[in-house]
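Nothing fancy with the numbering, it's 1 onward along the sequence.
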Amino acid sequence: MNLGEQLKNLREQHNMSREELAQQMNVSRQAVYKWETNKGYPDIDNLIRLSELYKVTLDELIKGDPAFQKKIAIDEQKKLGNDLSDPGFYLGIILVFVGLFLDLGTFSAGVTILGLLTMCFYDDFKKMFWSIKRDFKEEK
């Protein structure tokens with residue numbers, strides 16, 4: 001059984017509509033439809049939330065779908081070889097050069113350090129920004 005069929009079966013076993021699941025998962029109804037028809041896959045955060053909601057392990061969710069397992073492996077390979085094409089790397093390099101070569105007084109050291117931190121933690125900064133933005137939207 002592939003992941004989409006399994007997600008649909010689990011949703012139906014819990015007597016939930018796609019709309020209800022979408023609201024609980026904080027995604028669109030169309031996203032749930034794509035997951036259940038194998039036109040798209042949930043990201044790892046949503047897989048974890050689904051496994052908690054349905055009280056099944058992640059292993060049980062993905063073991064039956066070899067195509068999804070291959071997709072995970074391909075995405076991991078892309079992530080490993082993609083370090084130099086990351087926009088955070090370029091932004092960090094620019095900040096380091098600005099801090100080193102422009103005479104900004106004591107501000108130069110701060111800009112250089114910010115550049116190094118950006119090169120290393122760009123993805124974490126980006127995730128934190130989107131998380132804060134999502135939390136801010138939920139509070140409204």
Assigning hydrophobic clusters by single linkage (Ile, Leu, Val, Met, Phe, Trp, Tyr; side-chain heavy-atom cutoff under 4.5 Å), is [X] placed with [Y]?
X: Val111; Y: Phe89; value: no
X: Ile94; Y: Leu114; value: yes
X: Tyr90; Y: Leu100; value: yes
X: Leu58; Y: Val56; value: yes
X: Val32; Y: Ile44; value: yes

ring-ring contact (aromatic ring centres under 6.0 Å, His included) involving Phe97 - partner list, sequence neighbours excluded: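 Partners of Phe97 by the ring-ring contact (aromatic ring centres under 6.0 Å, His included) criterion, ordered by chain and then number, come out as Phe101.
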Residue list, ring-ring contact (aromatic ring centres under 6.0 Å, His included) with Tyr122, at least two apart or on another chain: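 Partners of Tyr122 by the ring-ring contact (aromatic ring centres under 6.0 Å, His included) criterion come out as none, since no residue qualifies.
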Pairwise distance [atom1]([X]) to [atom2]([Y]) - rounded to 0.5 angstrom:
X: Met16; Y: Glu19; atom1: CE; atom2: CD; answer: 10.5 Å
X: Leu116; Y: Leu95; atom1: CG; atom2: CG; answer: 9.5 Å
X: Asp45; Y: Met25; atom1: CG; atom2: CE; answer: 9.0 Å
X: Trp130; Y: Met128; atom1: CH2; atom2: CE; answer: 13.5 Å
X: Asn38; Y: Asn2; atom1: CG; atom2: CG; answer: 4.0 Å

Backbone N/O of Ala22 and side chain of Arg29: donor-acceptor pair under 3.5 Å: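 Side chain of Arg29 to backbone of Ala22, a donor-acceptor pair under 3.5 Å: no, none is there.
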Qualifying side-chain hydrogen bond (donor to acceptor under 3.5 Å, both in side chains) pairs with a residue from residues 46-56, counting only residues at least two apart or across chains: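 Residue pairs with at least one partner in residues 46-56: Asp43-Asn46.
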Which pair of non-hydrogen atoms, one from [X] and one from [Y], has the smallest distance, and what is that distance?
X: Gln6; Y: Leu61; answer: OE1-O, 3.3 Å
X: Leu53; Y: His14; answer: O-NE2, 4.2 Å
X: Ser108; Y: Gly99; answer: CB-O, 3.1 Å
X: Thr37; Y: Tyr33; answer: OG1-O, 2.8 Å

4.5 Å side-chain heavy-atom contact, Glu12 and Asn9: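 Yes - at least one pair of side-chain heavy atoms lies under 4.5 Å apart.
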Beyond-backbone contact of Leu21 with Leu7, side-chain heavy atoms, under 4.5 angstrom: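 Not in contact.
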Over 12 non-hydrogen atoms of neighbours within 6.0 angstrom of CZ in Phe125: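 Counting neighbours around CZ of Phe125, more than 12 heavy atoms of other residues, nucleotides or ligands fall under 6.0 Å, so yes.
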